[in-house]
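See below for the structure under consideration.
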Amino acid sequence: MILIIDFGSQYNQLIARRVRENHVYCQIEPPDISLATIKALKPEGIILSGGPASIYSKGAPRVDIGILKLGIPVLGICYGLHYMVDSLGGKVIGSTKREYGFAELLVKKQKGIFTGVNKKTQCWMSHGDSIGSLPAGFTITASTANTPVAAAEDVQRNFYALQFHPEVVHTKEGKKILANFLFEICRCKKSWSMKSFVAHTVEEIRQQVGAEKVILGLSGGVDSSVAAVLLHRAIGKQLTCVFVDNGVLREGEAPRVIEMFKKNLQINLRFARAGKVFLKKLKGVTDPEKKRKIIGRTFIEIFDKEARKIKNVKFLAQGTLYPDLIESRSAFGGPSAVIKSHHNVGGLPKKMNLKLVEPLKHLFKDEVRLLGKELGLSDDVVWRQPFPGPGLAIRIIGEVTAQRLSVLRKADTILIEEIRTNKLYYKLWQSFAVLLPLKSVGIMGDQRTYENILAIRAVTSDDAMTADWAPLPHDIMARISNRIINEVRGVNRVVYDISSKPPSTIEWE
Ligand code: XMP
């Protein structure tokens, strides 16, 4: 495994993904990790990440200096380089000017970390400070016009350092450079695959859980579905899934989930039909945050009630992913502004006094999809578009009523049908309809109509952090609009959302 020390760079998750793409397992840990823990992890190599701080500023993050005395190969990137240089007796010089963007890298030695890399290649810089003098034993291995020490190494001690970012796509041969560190220098083996993950995680789950019972909140989305199937493989009938119909699901969603899990996979499943309770609590509520909070709280109540019907449960399983884990313990970003309260299962563990099982907590989303495939789940589950916990309630602007839900469901069904028929479903990150609390005048036959406006949103994205509105082909947009206006009573105008994220968000509320 490769240990990545997180000095707070926005690119850290990218480093981890690049390592894993090479079939090498890695873990991101905060700088306050103890030397004993590092030793216990037995890493083949250590990557010290970039970060926003200046090495000489107050409170600049540092990791136990013993990390440089373990005899394990170390790669410092940007701030990681500054940390190494400063710790080993060199000098970092502060600068008020940032170097940001592309630079031409001149490689002096096409060996070691630069094996097979062109003599001139494009790299991506993002730094303020730079190297004044290198510690004894180091030599410069690459430069750019503005940065004489763009890369350096001390082969004796197996120390490598880069001022630029090999993990971002703008560094043309960055993948090669990282692979060289893994295979030329650390001598890693390509042993990380979803097959091996299943084998050792099944074992881990069995050890953690023993003969106890586990419950899991199933939403029908990728993460909880994959977690359920993995747990089922490990502990079979000790697992019970709880699926709550909150009344704001899409058409046909509840039967789909029940059929798949209960009938096909024969997983213990409890189904709580609670739509009425949710709708009652949402009556008269129009504020988006209030809607989210009500749905979150009610979900916890219902889930808790359902779970209590199963005796002697000791564990709660969740489909937490690696980005959630890293972000929740980030020492640097501090609490960011709440844009939207994601409810999911946040409040559950505290309320229920259960121990957590989080078998996906070291995986990225794309790895969860691969894992799903490995476990035999269909493309339809593995590549499902994300659907928010608060469901259609945040796609009905204004009050959520049974009647408005019915309008939105019909429109959404038509939209998804067309998107699927035209082979766009898997190309889009999300595609959905939003019901607006606005009416407009129309004409149908010879009659004046005064009905609702419906918005269509379709976006492309890699991770939902940013998203672009999708330029759907005009003929498909025309068909979607025609069908919705003709087939859904209560809608007489369809508009298309042409906003990207940021500054808009994907969901409207
Ligand atoms: P926004 O609207 O913030 O959404 O751009 C980013 C992604 O998150 C999904 N989303 C949610 N997912 N619970 C979830 O599990 C929620 O409360 C929630 N709110 C938004 C959204 O669909 C998009 O994929």
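Ligands are counted one by one from 1 in listed order, and the atoms in each one are counted from 1 as well.
- Note on ring orientation: taking the six-membered ring where Trp is involved, the planes of F102 and H170 are perpendicular (angle over 60°, cut-offs 30° and 60°).
- Within the listing of ligand 1, atoms 1 (P), 2 (O), 5 (O) sit less than 4.0 angstrom from a heavy atom of T505.
- W429 counts as a contact of ligand 1, since one of its heavy atoms falls under 4.0 Å from the ligand.
- Of the N or O atoms in F387, none lie within a sub-3.5 Å distance of an N or O in ligand 1.
- The minimum heavy-atom distance between C78 and H127, with the atom names listed, is SG-CB, 3.8 Å.
- Here's the thing with R395: none of its N/O atoms is less than 3.5 angstrom from an N/O atom of ligand 1.
- By the ring-ring contact (aromatic ring centres under 6.0 Å, His included) test, W192 is found to be paired with Y25, F197, residues two or more places apart in sequence or in another chain being considered.
- Per-residue contacts place K501 under 4.0 angstrom from the following atoms of ligand 1 (heavy atoms of the residue considered): 1 (P), 3 (O), 5 (O), 6 (C).
- Not counting sequence neighbours, Y425 has no partner by the ring-ring contact (aromatic ring centres under 6.0 Å, His included) test.
- Considering both main-chain and side-chain atoms, G389 comes within under 3.5 Å of ligand 1 through a nitrogen or oxygen pair.
- Using a non-hydrogen distance threshold of 4.0 Å, R292 registers as a contact of ligand 1.
- Considering Q208, Q238, K213 in turn, Q208 is the only one that fulfils the side chain to side chain contact (heavy atoms under 4.5 Å, CB included) rule with F315.
- Two residues are said to be in side-chain contact when any heavy atoms from C-beta on lie closer than 4.5 Å; L265 and M260 meet this criterion.
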